[in-house]
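In the text below, chain A, chain B and the rest are named by the order of the sequence lines, each starting its count at 1.
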Protein chains: 2
Amino acid sequence: MKESDKSLGVAVLGCGSVGSQVVRLLQEQAGDLAARVGAPVELVGVAVRRLDAAREVEVPEGLLTTDAAALVARDDVDLVVEVIGGIEPARGLILSALEHGASVVTANKALLAEDGPTLFEAAEKAGRDIYYEAAVAGAIPILRPLRESLAGDTVTRVLGIVNGTTNFILDKMDTSGAGFGDALQEAQDLGYAEADPTADVEGFDAAAKAAILASLAFHSRVTASDVHREGISEVTAADVASARDMDSVVKLLAICELRPGADGGEDAVAVRVHPAMIPRSHPLASVREAYNAVFVESEAAGQLMFYGPGAGGSPTASAVLGDLVTVARNRLAGTRGAGESAYAARAVLSMGESRTRYHVAIDVDDRAGVLATVALAFAEHDVSIQTVRQEGRGDDAQLVVVSHEATDAQLSATVAHLRTMDIVRDVTSVMRVEGVAE
Amino acid sequence: MKESDKSLGVAVLGCGSVGSQVVRLLQEQAGDLAARVGAPVELVGVAVRRLDAAREVEVPEGLLTTDAAALVARDDVDLVVEVIGGIEPARGLILSALEHGASVVTANKALLAEDGPTLFEAAEKAGRDIYYEAAVAGAIPILRPLRESLAGDTVTRVLGIVNGTTNFILDKMDTSGAGFGDALQEAQDLGYAEADPTADVEGFDAAAKAAILASLAFHSRVTASDVHREGISEVTAADVASARDMDSVVKLLAICELRPGADGGEDAVAVRVHPAMIPRSHPLASVREAYNAVFVESEAAGQLMFYGPGAGGSPTASAVLGDLVTVARNRLAGTRGAGESAYAARAVLSMGESRTRYHVAIDVDDRAGVLATVALAFAEHDVSIQTVRQEGRGDDAQLVVVSHEATDAQLSATVAHLRTMDIVRDVTSVMRVEGVAE
Ligand SMILES: NC(=O)c1ccc[n+]([C@@H]2O[C@H](COP(=O)([O-])OP(=O)(O)OC[C@H]3O[C@@H](n4cnc5c(N)ncnc54)[C@H](OP(=O)(O)O)[C@@H]3O)[C@@H](O)[C@H]2O)c1
Ligand SMILES: NC(=O)c1ccc[n+]([C@@H]2O[C@H](COP(=O)([O-])OP(=O)(O)OC[C@H]3O[C@@H](n4cnc5c(N)ncnc54)[C@H](OP(=O)(O)O)[C@@H]3O)[C@@H](O)[C@H]2O)c1
């Protein structure tokens, strides 16, 4: 690509963990970026909340401003990077940037999952790009592969470990036997979890990413409110130990599936976030600490996995800059990339309609006929059993049941029923099972 | 994207393992492809060598032809998929297709690694695209992430398991203790290795892919002849056992590195394919059977891995179709994707200048002072030792040395020297070590 004389002006909104690294890379890699884009890319402004805050990067004299709205409206701004986060003012600033003719790169999963279509429509109307690779799984290229590399294939399922904090906690629980509280504390001490860990631990962050992944994978609009969400705060050391006994490991998964529609009709989409047991032999099981990975199944390609750091200022900035090069090239070529692809407009199933497999550990009395009695309880609620294992003797007698696919309602009814039975001392662990062929 | 009325005509050259699946997907996914491209994509011709051969797909009446040259020159052909393989006639057909105004998708690693620049220049001149995701690691999206997602980052190293046949053989040797010959036979029996396995086993296939990966990762021209290549036919059961003792596994790796230039000058590129030991804790170590994976290190993103099926008609066709959607979209938009990026024009180091770490297993006499004597031999050739472990007693006495980085020449001289020493009974295994921090 020939280098053009005209440089492209970049405004960066936000200069925190991610923004400061974007600013650093824009400066350090200026030569390479110019060669790869085909024109110099020049930082023309950086919007922040506080002019005098300490920053991880030295912002060139005169570029810092608290007036983000004025910055995005400037004539010399061709590209806007939004790394403020949250809904407002991020949304308003992005819309204004597009209206003023800028192309946009954002890492804002919360906004995209809540109101993506508004942004996509504004971009379409303005004839500009909005790219957001950094919004899911940080540095890992996953959105571009889904929307481009797999565009000639049919994606049937996406299983993602897309939240580093919860993966760190669950990994600690697995390796050290710690309970949730201790593992969370360790994650906080090491800076992997925030003081208020709710967004991560209760699965809100993963649910936003699941919505984004499902939208792209299934060419349909899926928002965060479509995602059934359960966090990991109720995962116990007993659950993790029980998984270990099954040669499995507990992970918080973002699961996006293409499912046959209710009455044999059109395929529909099921999207959910919850802890689940996966076998240790599954590629996702070896994703340790705060790493992320996304496992994709498609009809022709088969099973793919994308692995890497899911967060951190510098990895996330790498993804932002990759998008920036693309939208900058598009701009020079006077074109735009493929916009939103929601033509399939598939229905989203509610969790009630969704079917998963379950692992249930039950402390039972050590008497003859217990297994048959428990099996009957499952059968009464139409939950078919794949395997049942009897373990321990006397006071330690336990049954471990893995079911075939069943609905949440069926399973809850079964567990409630089990709890009323006098041969059942306790139901110690109920956990979904993923990553195993039916 | 609005659907256009005008359809795009596709010619597929070759209807073997990959071509037949491309033809199948073009037909089965016609509706989705039209929606994703923005216009119908219509198969207008399929070139083969033999009209009457049995095919894995039913090619619609009248589309088969043996005259590939006439097909690519047709007015109604907008997109050409080349899946014949080999240098000629593939190269001539691609050049003719571009000259006649078609955009091209190819899976031909041999041609790209031998003569990529000729193709890229022809595409540039014609103002058309040439895309080739399927040429490296089959279905795994790796070229697009390298050229686009990581375009704002600096890739420092690529380690790839990019040949399924050799990975299958080495995995068998690891799990069953088999020798190379038996494992190759099993691979042939199961259809993972061809009757003449040379291209895979001697690393030619991996070397072609290494050249393609290095070109994209380092924005420089690298051809197959730049790649230092060693196959796996000399890997012994003893090497694999020795790796196992080190909690490591032997893999055939395609290695592309950015290295400080000879006298502190410009960075240069080192590209090589050889068997190496990697620790079992490395993400590449768990890539089993015929699967492929590419591990990428970059300055900002850190460590990424891309995993999936590296071959097979249907997975490879998925990658071809992904490219096809992109070049078709570009065509409708009247634009083209980023072409060759070779602006960095880095020098390629010869293997003599390249430095790697070595694992050397030496059967020695069980006498006092042996370790010191052997260590001295390494020192004499300026090979610095990281660890040395003494194992066994009496006739089983063995030293296992892992060196710091050294050149091939230094190491060969050391091994030759060791073989002349009377306390050395045999040098039983010499193997490079990768995936460990220096
Ligand atoms: N951190 C990660 O690892 C990561 C990974 C993937 C995606 N993301 C996403 O990236 C985005 C940014 O995350 P972050 O971790 O970098 O956040 P952060 O460290 O909290 O930084 C936010 C930045 O936005 C600025 N800001 C806040 N309100 C503003 C306003 N009204 N006008 C102008 N600037 C304003 C802040 O200014 P002051 O510095 O003056 O306070 C700060 O520089 C979020 O959408 C997040 O979800 C982050
Ligand atoms: N197979 C894989 O898993 C895989 C994976 C990645 C990349 N690739 C690459 O994909 C390409 C195709 O591989 P493949 O395995 O599909 O090969 P293949 O099964 O041998 O098929 C080759 C096809 O090309 C046709 N052909 C040969 N010479 C021709 C000529 N002069 N004119 C027209 N057609 C001709 C053959 O016709 P007939 O059928 O009439 O003999 C056959 O249909 C190669 O570049 C390969 O490296 C393959």
Side-chain angles (χ1 to χ4, degrees), chain A residues 1 21 24-26 29 32-33 35-38 133 138-141 144-145 148-154 219 283 286 291 293 295-296 298-309 312 314-315 317-326 329-330 333-339 341 343-344, chain B residues 1 21 24-26 29 32-33 35-38 133 138-141 144-145 148-154 219 283 286 291 293 295-296 298-309 312 314-315 317-326 329-330 333-339 341 343-344:
Chain A
M1 207 181 271
Q21 298 310 308
R24 177 178 70 80
L25 289 173
L26 278 171
Q29 318 239 28
D32 284 312
L33 289 172
R36 296 174 191 180
V37 165
E133 180 66 74
I140 308 174
R144 194 183 295 261
E148 302 182 23
S149 310
L150 289 164
D153 203 341
T154 302
H219 300 270
S286 51
Y291 274 87
F295 187 79
V296 178
S298 74
E299 279 181 9
Q303 303 188 325
L304 303 170
M305 191 172 81
F306 304 80
Y307 166 93
S314 167
S318 168
V320 167
L321 270 276
D323 278 352
L324 198 72
V325 168
T326 300
R329 281 175 180 162
N330 286 347
T335 177
R336 58 192 291 260
S341 175
Y343 73 91
Chain B
M1 206 181 272
Q21 298 311 309
R24 176 179 70 81
L25 290 173
L26 279 172
Q29 317 238 28
D32 284 313
L33 289 171
R36 296 175 193 181
V37 165
E133 180 67 73
I140 308 174
R144 194 184 296 262
E148 301 182 25
S149 310
L150 289 163
D153 202 341
T154 302
H219 301 268
S286 50
Y291 273 87
F295 188 78
V296 178
S298 75
E299 280 182 8
Q303 304 188 324
L304 303 170
M305 191 172 82
F306 304 79
Y307 165 94
S314 167
S318 167
V320 167
L321 271 276
D323 278 352
L324 197 72
V325 169
T326 301
R329 281 175 180 163
N330 287 346
T335 177
R336 57 191 293 262
S341 175
Y343 72 92

Visitor: For Gln29(A), which atoms come within 4.5 Å of any heavy atom of chain B: side chain, backbone, both, or neither?
Guide: side chain
Visitor: When only pairs under 4.5 Å are counted, which of Leu33(B), Leu324(B), Thr335(B) shares the most heavy-atom pairs with chain A?
Guide: Thr335(B)
Visitor: Quick one: does Arg329(B)'s side chain have a donor or acceptor within less than 3.5 Å of a partner on Arg36(B)'s backbone?
Guide: yes
Visitor: Non-hydrogen atoms of chain B under 4.5 Å away: do they reach the side chain of Ile140(A), the backbone, both or neither?
Guide: both
Visitor: For each of Gly334(B), Ala333(B), Pro141(B), tally heavy-atom pairs with chain A at distances under 4.5 Å, and name the one with the top tally.
Guide: Pro141(B)
Visitor: Glu133(B), Arg24(B), His219(B): which one forms the most heavy-atom pairs within less than 4.5 Å of chain A?
Guide: His219(B)
Visitor: Specify which of Ala301(B), Pro145(B), Gly302(B) makes the most heavy-atom pairs with chain A at under 4.5 Å.
Guide: Ala301(B)
Visitor: To the nearest 0.5 Å, what is the distance between CG on Leu25(A) and OG1 on Thr154(B)?
Guide: 8.0 Å
Visitor: Go through the atoms of Leu150(A) and report whether side chain, backbone, both or neither lie under 4.5 Å from a heavy atom of chain B.
Guide: both
Visitor: Tell me, for Tyr343(B) versus chain A, whether the close heavy atoms (under 4.5 Å) come from the side chain, the backbone, both or neither.
Guide: side chain
Visitor: Determine the option with the most heavy-atom pairs under 4.5 angstrom with chain A, choosing from Ala317(B), Ala319(B), Gly308(B).
Guide: Gly308(B)
Visitor: Check for me whether the distance between the ring centres of Tyr307(B) and Tyr291(B) falls short of 6.0 Å.
Guide: yes
Visitor: If you compare all heavy atoms of Ser314(B) against all heavy atoms of Ala300(A), which two are closest, and at what distance to 0.1 Å?
Guide: OG-O, 3.1 Å
Visitor: If you measure from CZ on Arg144(A) to OG1 on Thr326(A), what distance do you get to the nearest 0.5 Å?
Guide: 3.5 Å
Visitor: Of the non-hydrogen atoms in Ser298(A) and Asp153(A), which two are nearest, and what is the gap between them?
Guide: OG-OD2, 2.7 Å
Visitor: Could you give the distance from OG (Ser341(A)) to CD (Glu148(A)), rounded to the nearest 0.5 Å?
Guide: 11.5 Å
Visitor: Output the option from Leu321(A), Leu304(A), Val325(A) having the highest count of non-hydrogen pairs under 4.5 Å with chain B.
Guide: Leu304(A)
